[in-house]
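What follows is a single structure, written as structure tokens, with notes after it.
Below, chains carry the letters A, B, ... as their sequence lines are ordered, and counting in each starts from 1.
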Number of protein chains: 2
Amino acid sequence: MSDTHTGVPSALAYELPRPVPADELAACPAGEVFRRVGDKWSVLLVVLLGGRPHRYNELHRAVEGISQRMLTRTLRGLEIDGLVRREVLPTVPPSVEYSLTPLGRSLLIPLSALADWAVRHEGDIRRARSDSTGR
Amino acid sequence: MSDTHTGVPSALAYELPRPVPADELAACPAGEVFRRVGDKWSVLLVVLLGGRPHRYNELHRAVEGISQRMLTRTLRGLEIDGLVRREVLPTVPPSVEYSLTPLGRSLLIPLSALADWAVRHEGDIRRARSDSTGR
DNA sequence: CTGTATCCTATTAGATACTG
DNA sequence: CAGTATCTAATAGGATACAG
């Protein structure tokens, strides 16, 4: 890296879509999405449903740690935003199947990219944290 | 479409890194990252600093709506996780410059992919929401 | 200019009990 | 099986005042 910082940090700049001006960010829908996806369970559920459809209690067992309340709430939120589809099957006793909509599946792609980043840089973050905390 | 599919339901399956098994997700560092990045201000600040380094009050003005408390707290969090660098310049009065670390810049890439998704599907989400709520 | 400290509110999430 | 209802604890976040 030859340049200090007279603009864009040079090494990665060509890989990035573009520099984003500040005023454009404020009105940007990205904020909404990051909060939808940034809660405690949404990503987990989306990725899980990305593998295959699941029934309610199936999700409850798979996620481990989620309360019924939060499972229901999170699924409702995802359903309202059009990411998840809820289908009641006419069985006795009733069963409900949750699956990703096409929109939900399309989200899975950038989501996976971010998850990938997380896996690759897990160590960096933990190291940085313990440099701050531990010492 | 001639499918050689194994059992993956989606037409998008071949675009995805892989189906993620449930037990792998629980222990996965992705959750940590999505929460770090899912709070109200982190993404905004990271993307902003991705454009160029900023000083404290510069960020305070650029973000608009953030309190001093949250600006400081969010920057500290990002610094602790090694995404942001804080440099005190020996001026009078003192000035502090915040910039992305290489780790922070690398995060900018998947972050931009997700932001891109948000921009492209903003309408879909709003439509889904109003189908549920307002009607 | 660059923060800290304090107080207060709203939101998130967990636990538990109950229902069609 | 697939939820709802209620209560409570923890956390996030804003407003304001003050400080080096």
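- Between A:Glu87 atom CD and D:dG3 atom P the separation is 13 Å, expressed in whole Å.
- Between A:Asp124 and A:His121, the shortest heavy-atom contact is OD2-ND1, 3.0 Å.
- Around the CD atom of A:Glu97, the shell of radius 6.0 Å holds more than 12 heavy atoms that belong to other residues, nucleotides or ligands.
- In this model, a donor atom of one side chain and an acceptor atom of the other lie less than 3.5 Å apart for A:Tyr56 and A:Thr72.
- A:Val37 and A:Ser42 get closest at one heavy-atom pair: CA-CB, 4.3 Å.
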*asked:* Show, in sequence, the C-alpha distance, side-chain angles and deciding distance for A:Arg36 and A:Glu32, and conclude whether the salt bridge (charged side-chain N to carboxylate O under 4.0 Å, His left out) test is met.
replied: CA-CA 6 Å; A:Arg36 132 74 47 237; A:Glu32 288 294 312; over 6 Å; no
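- OP1 or OP2 of D:dG3 lies within a sub-4.0 Å distance of a side-chain N or O belonging to A:Tyr98.
- One can place OH of B:Tyr56 at 17 Å from P of D:dG20, the figure rounded to the nearest angstrom.
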*For the pair A:Arg120 and A:Asp116, evaluate salt bridge (charged side-chain N to carboxylate O under 4.0 Å, His left out) and give the outcome as yes or no after the intermediate values.*
CA-CA 6 Å; A:Arg120 273 203 297 275; A:Asp116 244 44; 3.5 Å; yes
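- Taking OG1 from B:Thr74 and CH2 from B:Trp41, the interatomic distance works out to 8.5 Å, rounded to the nearest 0.5 Å.
- Residues A:Leu83 and B:Trp117 approach most closely at CD2-CH2, 4.0 Å, considering heavy atoms.
- Across all their heavy atoms, B:Leu111 and A:Leu114 have their closest contact at CD1-CD1, 4.3 Å.
- Between A:Arg76 and D:dT4 there is a side-chain N or O to OP1 or OP2 distance below 4.0 Å.
- When the C1' atoms of four end pairs are superposed on the next four at each end of the helix from C:dC1-D:dG20 to C:dG20-D:dC1, using five pairs per end, the two resulting axes differ in direction by 50°, to 10°.
- The closest donor-acceptor contact from the side chain of B:Glu79 to the backbone of B:Arg76 lies at 3.5 Å or more, if one exists at all.
- The residue among B:Pro94 and A:Arg86 whose nearest nucleotide of DNA chain D is located toward the 5' end is A:Arg86.
- In 5' to 3' order, the nucleotides of DNA chain C bounding all contacts with chain A (an atom under 4.0 Å from a heavy atom) are C:dA13 to C:dA17.
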*When every nucleotide of nucleotides 11-17 of chain D is labelled 5' to 3' by its protein contacts under 4.0 Å (heavy atoms), B for base, S for sugar-phosphate only, - for none, what sequence of letters results?*
-SBBB-B
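- Between B:Arg52 and B:Glu58, at least one side-chain nitrogen of the basic residue sits less than 4.0 Å from a carboxylate oxygen of the acidic one, meeting the salt-bridge criterion.
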